[in-house]
Amino acid sequence: MAYWLVKSEPSSWSWSQQVAKAAKGEAWTGVRNHTAKLNLTKMKKGDQAFFYHSNEGKEIVGIVEIIREHYPDPSDPSGKFVCVDLKADKPFKTPVTLVAIKEEKALADMELIKFSRLSVQHVTADQWKRICKMGGL
DNA sequence: GCCAACGTTGGC
DNA sequence: GCCAACGTTGGC
């Protein structure tokens, strides 16, 4: 069981859109970065991930579950990149903002802060627990 | 294979 | 809207 964080700009794909697909999940496509791709390939069915809104909000708004492991991204004509299927699990009672994460010393080494441009990131079990608590779960 | 130029991302 | 960080491209 591993934990992850995926980022999306709400203007292109938001949490509410993810929730709307809750029953059958939705392909998480469009990753065009090799580090992010590497993380996608490590995801296992049943793993959980934070859903982060970049630019607008800059906060973690909920949790998604990986329901299908990596396969070729249908939106990539070169066939080099992969995607996974995610379904919305549950929303945070209180969104956890980037500011709040930065203020929490125990989370200072999160990839979210260190590699802000990476769109698929690994989260440690300790970071996961802390952020869930901050989110009211 | 190096590196400058350029494009994109995302926080501020 | 600016700019820093980073990835990609293309000339040499």
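Labels below follow one simple rule: chain letters A, B, ... track the order of the sequence lines, proteins then strands, and each chain is numbered from 1.
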Practice problem: Could you check how far CD of A/Glu111 sits from C1' of C/dA5, rounded to whole Å? | Solution: 16 Å
Quiz item: So, do A/Phe51 and A/Trp28 have ring centers that fall under 6.0 Å from each other?
Solution: yes
Quiz item: Between A/Thr35 and A/Asn55, who's closer to the 5' end of DNA chain C by nearest nucleotide?
Solution: A/Asn55
Practice problem: Could you state the atom-to-atom distance from CD1 of A/Ile113 to C1' of C/dA4 in whole Å? | Solution: 17 Å
Quiz item: Taking OP1 and OP2 of B/dG10, is either one under 4.0 Å from a side-chain nitrogen or oxygen of A/Lys7?
Solution: yes
Practice problem: Could you tell me the separation between the CZ atom of A/Arg117 and the C1' atom of C/dC6, rounded to a whole number of Å? | Solution: 4 Å
Practice problem: Can you tell me the distance, in whole Å, between the CD atom of A/Glu59 and the C1' atom of B/dG10? | Solution: 15 Å
Quiz item: Could you give the CD-to-C1' distance, from A/Gln121 to C/dC6, as a whole number of Å?
Solution: 14 Å
Exercise. Give the rounded distance in Å between these two atoms: CZ of A/Arg32 and C1' of C/dT9.
Key: 18 Å
Self-check item: Which atom of A/Pro91 lies closest to which atom of A/Leu137, heavy atoms considered
Solution: O-CD2, 3.8 Å
Quiz item: If only side-chain N and O atoms of A/Lys102 are considered, is one of them under 4.0 Å from the OP1 or OP2 phosphate oxygen of B/dC12?
Solution: yes
Quiz item: Atom CG of A/Leu112 and atom P of C/dA5: how far apart are they, to the nearest Å?
Solution: 17 Å
Quiz item: For B/dT9, does OP1 or OP2 lie under 4.0 Å from any side-chain N or O of A/Tyr52?
Solution: no
Quiz prompt | Check: A/Asp47/A/Trp4 side-chain N/O donor and acceptor closer than 3.5 Å | solution = yes
Practice problem: Ignoring the backbone of A/His34, work out which of C/dT8, B/dG11, B/dG10 is nearest its side chain. | Solution: C/dT8
Quiz item: Can you tell me how far P of B/dT9 sits from CG of A/Leu118, to the nearest Å?
Solution: 13 Å
Exercise. Would you verify whether the NZ or CZ of A/Arg117 falls within 45 degrees of the ring axis of A/Phe115 while also being under 6.0 Å from that six-membered ring's centre?
Key: no
